[in-house]
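All ligand and atom numbering here is 1-based and tracks the order in the structure. Keep in mind that what you see is a predicted model, and the values were worked out from it rather than measured. We count residues from 1, following the sequence as given.
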Amino acid sequence: MRKLAEHNIPLREASITQVHSVLRDGNPLIVHTSMFANALASLANPKQQQQWVPLAEKNRIIGTYAQTEIGHGTFVRGLETTAIFDPETKEFVLHSPTITSTKWWPGGLGKTANAAIVMAQLYTQGKCYGPHPFFVQLRDFDTHHSLPGVILGEIGPRLGINSQDNGYLRFDHYRIPRTNMLMRHSQVLEDGSYVKPIHNKLSYGTMVWTRVAIVHSCSKKLACAVTIATRYSAVRHQSELVPGKPEPQILEYQTQQYKLLPHIASVFAILFSASSVLRMQRNVAASISKGNVELLPELHILSCAMKALSSQDSTQGIETCRLACGGHGYIASSGLPSLYTSTTCTITYEGENTVLLLQVARYLIKSYRAGLEGLPVLPSVMYLTAPSAMHQSPPLSNQALIEAFRISSANLVKETESRLCRQFNLEQNFHYAWNRCSVALVHCAELHSRYYMCEKFLSTVESIRASDRVRSVLQDLCRLYLIHHITLNQGHFLRSGTLSGVDLSTLEEEMYELLAKLRPQAVPLVDAFDFRDELLGSTLGAWDGRVYERLYEEAQKSPLNKTDVSKAYHKYLQPLMKSNL
Ligand SMILES: CCCCC/C=C\C/C=C\C/C=C\C/C=C\C/C=C\C=C\C(=O)SCCNC(=O)CCNC(=O)[C@H](O)C(C)(C)COP(=O)(O)OP(=O)(O)OC[C@H]1O[C@@H](n2cnc3c(N)ncnc32)[C@H](O)[C@@H]1OP(=O)(O)O
Ligand SMILES: Cc1cc2nc3c(=O)[nH]c(=O)nc-3n(C[C@H](O)[C@H](O)[C@H](O)COP(=O)(O)OP(=O)(O)OC[C@H]3O[C@@H](n4cnc5c(N)ncnc54)[C@H](O)[C@@H]3O)c2cc1C
């Protein structure tokens, strides 16, 4: 990043907006270095990796991951792009049969990538075997022109990340060699016969990998936002806390502490969960390479749960940080608008959150029913039918709060499963009944996911190797996080009987005390994230706290300030002013 690539400007001299356009508003190579690279690593066989990975690493091949179509993003089994095997020529013929089959959204597809992993419905010997990944060259590697039979373009401006191109792609009976089907898990042999994978969802592996990557990415984006807003809140003085006294730092206001400290805690909560899911992903990947897919469902569900929760929490946290900075939070040079627009899309892409949470709910109901029948269930959901151990922990202790989450989550799953049964008896159709319970099912998934994140936060803080002082601050942050999310979900705890109204009032009081106790730690905590000013890219969050000078200096860089009278005056204003004479 020493220089902003396309502008060849030393990073320190770049305008904040230019920094954002590369670092935050979208990196045209992010899908190449993440999803495309992972698809080759996890879905291609060794011979294919040998052929394409070195070229991708040298950026001779710039790839993207082209799965979503203008008519289908969520429902992968409904994709319409076809890949029909031709036994005569031993080729796949790729085609976009309808307007809705147009590939639409893939990052870099419009103008940057010269190749793609394309998900298409595989047909051979007259039978459809569902969506499979194919390596497809899209542009000439020397001239970058689109190849014959490939129609490419850019989809147009978006809410954010506009410095990367998102593209569209259509195929017109475009032929690729049989060996361009990524063949690690399934194959089509020369005679056209299909060899099936050991698990029919292995072709979804890159989505799972990316969901796990997004969790970690969300913790970093939220860390940027809380750094900016907390530092600004220590510099900004406003109003009178006590009449007649000097204007205080806005960080002295309890409401400002409530806006920022729980989200500082959330950075750690997401980070610790990200580490846990990443460990699981590596273990499952190792098992799959030995032919063992037993834990794949656990990874799928956990990656859905954590991607949904971390994208939602970080997006809400960044917006809260932006609002906590008042008017200056709305200015581009604060860095907060581009953080928001580049994070809110994580709720949508890589699996829209509602849909992923319904995947989690499906697993919870299925596991709950299996537990009732005494069948084996996987570790993360064993608690659903386990006996409660509520009263073994001291009242309102951390362990008691985790128990309250556990029991409330199990209770909600049990209640919702009963509702599903009642609805099924009415509708006599599981899918209609499922849909009529889907709001409650999403709530089950959210509470289960929150329980996981809280448990991981506490267990990590309890086992972390750190100085007593650091441990004490992390324990306070964890306690604040647990109480904050209990107060946000009070109804679940009252309904499960795990916490009373008095308990909740006691916890609220403690939360307010924790805000005051953590106030002196706020700036040291965000300084510890150690973001360089150039990467933070914020007039409000710079290390030296010269907020007003930086805002003013940044404004000078605006092209509009190159002249005192803008060209628009002569072209538009002056005629307007004279027209009424
Ligand atoms: C510059 C340096 C960069 C370095 C890079 C490093 C890291 C990256 C950094 C940060 C990350 C940031 C960004 C990431 C990069 C790029 C992202 C940018 C762009 C975004 C890309 C995309 O959006 S790609 C397209 C994503 N699309 C989706 O996710 C589609 C969502 N839909 C689905 O996944 C599926 O349709 C479904 C799961 C919702 C349903 O699938 P379906 O086949 O219909 O299954 P069923 O619902 O019928 O279930 C049947 C059973 O199958 C089980 N199952 C489903 N999926 C899986 C799975 N993946 N694995 C295992 N099992 C699965 C399901 O549980 C059912 O099981 P049971 O029958 O037992 O219940
Ligand atoms: C910035 C950005 C970058 C992207 N990059 C890529 C990329 O590189 N490669 C790629 O292939 N794709 C990419 N995508 C596409 C992305 O993966 C899809 O937009 C995403 O999967 C959501 O699908 P959709 O757009 O069809 O939304 P839909 O699924 O149509 O969602 C619309 C609404 O329908 C609801 N819904 C859908 N199905 C159900 C259901 N079963 N039950 C209940 N509600 C449902 C959703 O909850 C949502 O509220 C990108 C998208 C964005 C925004």
Side-chain angles (χ1 to χ4, degrees), residues 1 22-23 25-39 63-79 100 103-110 113 116-119 130-131 155 158-162 164-167 169 199-221 274 278 284 288 293 295-304 307-308 310-311 341-367 370 378 431 434-435 438-439 441-442:
M1 295 308 298
V22 176
L23 291 180
D25 261 3
N27 159 10
L29 299 182
I30 185 78
V31 184
H32 169 63
T33 50
S34 56
M35 298 192 75
F36 180 78
N38 176 268
T64 184
Y65 182 84
Q67 172 174 298
T68 300
E69 295 169 356
I70 201 168
H72 288 93
T74 286
F75 188 49
V76 178
R77 285 187 287 127
L79 293 175
T100 44
K103 291 298 178 185
W104 187 271
W105 270 115
L109 179 63
I117 302 300
V118 174
M119 288 294 266
I155 66 171
R158 296 161 288 282
L159 173 64
I161 58 176
N162 279 296
Q164 78 167 43
D165 56 304
N166 290 84
L169 159 65
H199 189 294
N200 69 1
K201 299 300 176 192
L202 286 173
S203 60
Y204 288 9
T206 295
M207 290 188 273
V208 176
W209 178 89
T210 308
R211 288 167 192 155
V212 175
I214 286 170
V215 182
H216 191 262
S217 169
C218 283
S219 72
K220 282 192 292 184
K221 288 175 180 251
L278 188 58
V284 171
I288 288 170
V293 290
L295 281 175
L296 186 62
E298 187 90 330
L299 174 63
H300 166 51
I301 294 311
L302 217 41
S303 59
C304 286
K307 182 269 183 187
S310 59
S311 55
T341 56
S342 66
T343 305
T344 188
C345 51
T346 62
I347 292 175
T348 303
Y349 69 45
E350 220 50 64
E352 197 278 330
N353 277 6
T354 303
V355 169
L356 297 187
L357 289 168
L358 286 168
Q359 284 287 306
V360 176
R362 173 179 172 143
Y363 188 67
L364 292 173
I365 297 295
K366 187 180 167 193
S367 303
L378 289 169
H431 302 290
W434 177 268
N435 187 42
S438 48
V439 172
L441 287 161
V442 167

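Of all the heavy atoms of N353, none lies under 4.0 Å from any atom of ligand 2, so neither backbone nor side chain is involved. Contacts with ligand 2 closer than 4.0 Å are made by heavy atoms of both the backbone and the side chain of T74. Under 4.0 angstrom from ligand 2, the non-hydrogen atoms of I161 all belong to its side chain. At a heavy-atom distance under 4.0 Å, only side-chain atoms of I30, from C-beta outward, approach ligand 1. In K221, neither the side chain nor the backbone holds a heavy atom less than 4.0 Å from any atom of ligand 1. If you look at Y363 next to ligand 1, there are no close heavy atoms at all, none under 4.0 Å. Both the backbone and the side chain of V76 come within 4.0 Å of ligand 1, counting heavy atoms alone. Of all the heavy atoms of T68, the ones lying under 4.0 Å from any atom of ligand 2 are found in both the backbone and the side chain.
For atom 7 (C) of ligand 2, a protein non-hydrogen atom is found at a distance below 4.0 Å. When distances from atom 34 (O) of ligand 2 to the protein are checked, no heavy atom turns up under 4.0 Å.
Of the N or O atoms in A66, none lie within a sub-3.5 Å distance of an N or O in ligand 2. Between T210 and ligand 1, no pair of N/O atoms sits closer than 3.5 Å.
Looking at T348, I70, T64, T210 and measuring to atom 22 (C) of ligand 2, the nearest heavy atom belongs to T348. Comparing H216, H300, M207 by heavy-atom distance to atom 60 (N) of ligand 1, the nearest is H300. The closest non-hydrogen atom to atom 24 (P) of ligand 2, taken over G351, G73, A113, comes from G73.
Taking a 4.0 Å cut-off on heavy atoms, E352 fails to register as neighbouring ligand 1.
The two atoms that bring V118 and K103 nearest to each other are CG1-CE, 4.0 Å, heavy atoms only.
Scanning the protein for heavy atoms near atom 16 (C) of ligand 1, the closest one is S34 OG, 3.8 Å.
Every residue meeting the ring pair (Phe, Tyr, Trp, His ring centres under 6.0 Å) condition with W434, not counting sequence neighbours, appears here in chain and number order: F430.
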